> 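So that we are looking at the same thing, I have put the structure below in structure tokens.
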Amino acid sequence: MTKEELIQPVSSLHQDPLSGLVSRIGLESYLETYYKLSPEKKLTLMVVELSRFGSVNESMGAELGNKIIKTISRRLIKIFSDATLIARTHCNHFCLIFDNEINIDEKVELLNDFTQRPLALGGEVIVLTVCTGVAELGALIDSSAHLLHAAEVALHRAKRDGLKHCFYQSHFVSDAKAVHQLENDLRVSLVTNHAELHQAIINDEFKIAYQPIVDAGSHQVHALEALMRWHHPKRGIISPALFIPMAEQIQLMDVLGSWIIRRACMDTISFPANRDGSRPGVSINVSGTQFLNPEILMHSVQQALNESGIEPHRLKLEITESTAFGMKQIDIVNKLRNMGCMIALDDFGTGFSSLTQLIAMPIDYLKLDTSFIRAIGSENSQEDLRSNKLTRAVLSIAKEFNFKPVVEGVETAIQCERLTEYGASLMQGYYFSKPLPLEEACKFIVEFNNQQR
Ligand code: C2E
Ligand code: CA
Ligand code: CA
């Protein structure tokens, strides 16, 4: 059975005009026909998402975005010549179908490998990352209609958990429904009643958890990252990953952003000093939407510095790649640096990193996403080797351009050891400490300093 035989009649609806690959409709029709003809046969579907593709289109233009899609499509066809079908089902989603026995780990490995090779397009060097959801027709999924959905649910789970790929499991759907319900309730309640969020601030429902960023070399605490939590009276603790995107959408992020800047700077006054007398700083996440109203952002920063009296260099503002790249944003970043604050580029490595743009950024710290180091010390020696090589390469870029590297998500002693060996001393992660309430974070500073042998 060939793909041409299955996708009959071939119409323009079955083809994606940009990539020339099969379209979503074509893929759905293939799955339906396939299942009708051979319901007992195995079929594996992989949904691959190019991370943060939207931001590339915005910052570098749709023309470059289209070139990337075409190049990736060609590469997929070449590398996965054994795939039964390759489709583009959404702007930045590709699907691969295999109808024979395959080694999924091998396929995922191939995918990660080929996407990590930089693309030279239109005078830019683009490094991209992908995330993959995998599902198989079989015991867990018994209809073709569910297969695509299941792979997309697995993709969503991989993204949520910061994984490169994830296999579908049956409880994902019920989990996703529960989160969706919470998200929906919260959205309805916030949209219909903007005052709820203001009221929540007044009622002290927002709390800050502080996660240490340590200097593993000197065994002192460099800074504490302020991470927001919402202790909702009815819904329990709500993760920032849920309520921050919502607050951004309904234009409430300025309010929350100003609140955390002022509160965290006041809390910073109580951070104990390190052994050498230096005082840990505070690192605060600034969302992209706060850059749309720079006067509010700059006013909050100035007010927070005045009220708390902390030295401006102790205030570090974390921004993500997608926020950082426009001229207007760079101008705002420069103004914040002129006020004496330090700037960190957060989550480096999770999206499209244009090296040309990176080196032009006025930043002080480069925060390496945990995905770089995740496989360090892994049992899979190939992954271990690649992770080590990649980490070293990024650290040398940081050094070359005078950015202080901070490595996120350090969970094991071996990761800490290797990073130290590669000359990276600023680290953050569960190996040292989870995010803590203020009082415990202050205790951590004292204890960590005392642990120095
Ligand atoms: P982020 O800035 O990348 O923060 C790091 C996240 O990684 C935190 O999740 C932290 O708890 C988690 N983490 C730290 N160490 C480890 C580790 O060793 N292993 C693993 N697996 N995870 C680790 P959290 O607190 O859930 O925050 C999620 C995201 O929400 C943050 O990601 C940040 O983007 C956003 N966020 C939190 N607070 C604020 C805020 O006040 N403003 C804005 N704009 N965003 C915020
Ligand atoms: Ca951060
Ligand atoms: Ca981060």
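Both ligands and their constituent atoms are indexed starting at 1 by order of listing. Just so you know, these numbers come straight off a predicted model, no measurement behind them.
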> Where does the angle between the aromatic ring planes of Phe206 and Trp259 fall among parallel (under 30°), tilted (30 to 60°) and perpendicular (over 60°)?
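Tilted.
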
> Distance check, rounded to the nearest 0.5 Å: Lys399 atom NZ versus Ile397 atom CD1?
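If we round to the nearest 0.5 Å, Lys399:NZ and Ile397:CD1 are 13.5 Å apart.
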
> For Asp369, state whether at least one heavy atom is located under 4.0 Å from any atom of ligand 1.
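No.
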
> Where is the nearest protein heavy atom to atom 35 (C) of ligand 1: which residue, which atom, and how far?
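Protein heavy atom with the smallest distance to atom 35 (C) of ligand 1: Pro240 CB, 4.3 Å.
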
> Are the side chain of Gln415 and the backbone N or O of Ile373 linked by a donor-acceptor pair below 3.5 Å?
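Yes; at least one donor-acceptor contact below 3.5 Å.
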
> What do we get for Ile244 next to ligand 1 when only non-hydrogen atoms under 4.0 Å count, side chain, backbone, both or neither?
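For Ile244, only side-chain atoms sit under 4.0 Å from ligand 1.
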
> Measuring from the heavy atoms of Gln211, does anything fall under 4.0 Å of ligand 1?
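Contact check Gln211 vs ligand 1: positive.
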
> Taking Arg374 first and then Asp369, would you say they form a salt bridge - that is, a charged N and a carboxylate O separated by under 4.0 Å?
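Looking at Arg374 and Asp369, the cut-off is not met.
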
> Below 4.0 angstrom, counting only protein heavy atoms, does anything approach atom 27 (O) of ligand 1?
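It does: a protein heavy atom is found less than 4.0 Å away from atom 27 (O) of ligand 1.
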
> Note the single closest protein heavy atom to atom 34 (O) of ligand 1, along with its residue, its atom name and the distance in Å.
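Of the protein heavy atoms, Asn285 OD1, 4.4 Å lies nearest.
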
> State whether the side chain of Gln211 and the backbone N or O of Ser433 hold a donor-acceptor pair below 3.5 Å, judged by distance alone.
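Present.
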
> Could you list the residues that satisfy ring pair (Phe, Tyr, Trp, His ring centres under 6.0 Å) with His156, not counting sequence neighbours?
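If we apply the ring pair (Phe, Tyr, Trp, His ring centres under 6.0 Å) test to His156, skipping adjacent residues, there are no hits.
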
> Please confirm whether the backbone N or O of Asp204 pairs with a side-chain atom of Lys207, one donor and one acceptor, at under 3.5 Å?
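Side chain of Lys207 to backbone of Asp204: a pair is present.
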
> Does Asn449 use its side chain to pair, donor to acceptor, with the backbone of Arg275 at less than 3.5 Å?
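Answer holds: yes.
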
> Kindly give the atom name of the N, O or S atom of Glu225 closest to the Ca ion (ligand 2).
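Glu225's closest N, O or S atom to the Ca ion (ligand 2) is named OE2.
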
> Tell me: protein heavy atom nearest atom 6 (C) of ligand 1, and distance?
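Protein heavy atom with the smallest distance to atom 6 (C) of ligand 1: Leu227 CD2, 4.8 Å.
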
> Please check if the number of heavy atoms outside His146 that lie under 6.0 Å from its NE2 is greater than 12.
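No, not enclosed.
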
> When you measure from the side chain of Ser258 to the backbone N and O of Asp254, does any donor-acceptor pair fall under 3.5 Å?
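Yes, Ser258 side chain to Asp254 backbone: donor-acceptor pair under 3.5 Å.
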
> Could you tell me whether some N/O pair between Gln428 and ligand 1 is separated by less than 3.5 angstrom?
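No.
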
> Indicate whether atom 32 (O) of ligand 1 is within a distance of less than 4.0 angstrom of some protein heavy atom.
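There is no protein heavy atom less than 4.0 Å from atom 32 (O) of ligand 1.
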
> Which is it for Ile260 and ligand 1 at heavy atoms under 4.0 Å: side chain, backbone, both or neither?
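Side chain only.
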
> Taking the six-membered ring for Trp, are Phe448 and His219 parallel (under 30°), tilted (30 to 60°) or perpendicular (over 60°)?
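Judged by the thresholds at 30° and 60°, the geometry between Phe448 and His219 is parallel.
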
> Answer with side chain, backbone, both or neither: which part of Asp346 has a heavy atom less than 4.0 angstrom from an atom of ligand 1?
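The part of Asp346 near ligand 1 is the side chain, not the backbone.
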
> Just to confirm my output: which protein heavy-atom neighbour is closest to atom 11 (O) of ligand 1, and how far is it?
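Of the protein heavy atoms, Pro435 CG, 3.4 Å lies nearest.
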
> May I ask you to say whether Glu152 pairs ionically with Lys159, meaning some side-chain N is under 4.0 Å from a carboxylate O?
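Result for this pair is no, no salt bridge flagged.
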
> Under 4.0 Å, heavy atoms only, figure out whether ligand 1 is touched by the backbone of Glu408, its side chain, both or neither.
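Answer for Glu408: side chain.
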
> Would you say Arg229 touches ligand 1, if touching means a heavy atom closer than 4.0 Å?
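Per 4.0 Å heavy-atom rule, Arg229 contacts ligand 1.
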
> Would you check the N or O atoms of Met228, main chain and side chain alike, for any that come under 3.5 Å of an N or O of ligand 1?
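Among all N and O atoms of Met228, at least one is under 3.5 Å from an N or O of ligand 1.
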
> Protein heavy atoms near atom 9 (O) of ligand 1, is at least one of them under 4.0 angstrom away?
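Within 4.0 Å of atom 9 (O) of ligand 1, no protein heavy atoms are found.
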
> Against heavy atoms of Glu225, which atoms of ligand 1 measure under 4.0 Å?
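Reading through ligand 1 atom by atom, the close ones are 2 (O), 4 (O).
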
> Run the salt-bridge test on Lys367 and Glu225 with the 4.0 Å N-O cut-off and return the result as yes or no.
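Yes.
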
> Say whether, by atom type as modelled, one donor and one acceptor occur between the side chain of Arg262 and the main chain of Cys265 under 3.5 angstrom.
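Checking the backbone N and O of Cys265 against the side chain of Arg262, no donor-acceptor pair under 3.5 Å is found.
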
> I'd like to check which ligand 1 atoms, numbered from 1 as shown, lie under 4.0 Å from a non-hydrogen atom of Asp347.
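So the atoms of ligand 1 that pass are 3 (O).
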
> If we ignore hydrogens and angles and just use 3.5 Å, is the side chain of Arg157 paired with the main-chain N or O of His165 as donor and acceptor?
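No.
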
> Is atom 14 (C) of ligand 1 close to the protein, meaning a heavy atom under 4.0 Å from it?
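Looking at atom 14 (C) of ligand 1, one finds that a protein heavy atom does lie closer than 4.0 Å.
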
> Answer yes if the ring centres of His149 and Phe172 are under 6.0 angstrom apart, and no otherwise.
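Ring centroids of His149 and Phe172 are no less than 6.0 Å from each other.
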
> From the options Asp215, Val407, Thr420, select the one residue that forms a side-chain contact (heavy atoms from CB on, under 4.5 Å) with Ser425.
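With Ser425 as partner, Asp215, Val407, Thr420 yield a single side-chain contact (heavy atoms from CB on, under 4.5 Å), made by Asp215.
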
> Short list, please: which atoms of ligand 1 are under 4.0 Å from a heavy atom of Val410?
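It comes down to these atoms of ligand 1: 18 (O).
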
> For Glu411, counting its heavy atoms only, list the atoms of ligand 1 lying under 4.0 Å from any of them.
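With Glu411 as reference, the close atoms of ligand 1 come out as 17 (C), 18 (O), 19 (N), 20 (C), 21 (N).
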
> Test of understanding: given a 4.0 Å heavy-atom threshold, classify the contact between Ser287 and ligand 1 as side chain, backbone, both, or neither.
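Within the 4.0 Å criterion, Ser287 contacts ligand 1 through backbone and side-chain atoms alike.
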
> May I ask you to say whether Lys164 pairs ionically with Glu109, meaning some side-chain N is under 4.0 Å from a carboxylate O?
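Looking at Lys164 and Glu109, the cut-off is not met.
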
> Identify the closest protein heavy atom to atom 12 (C) of ligand 1: which residue and atom is it, and at what distance?
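Looking only at protein heavy atoms, the one closest to atom 12 (C) of ligand 1 is Tyr430 OH, 4.1 Å.
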
> For the Ca ion (ligand 3), check which protein N, O or S atoms are under 3.0 Å away and list them.
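Short answer, with waters excluded from the count: Asp346 OD1, Asp347 OD1, Glu408 OE1, Glu408 OE2.
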
> Identify, by atom number and element, the atoms of ligand 1 in contact range of Gly429, meaning under 4.0 Å from any of its heavy atoms.
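Answer, ordered by atom number: 15 (N), 18 (O).
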
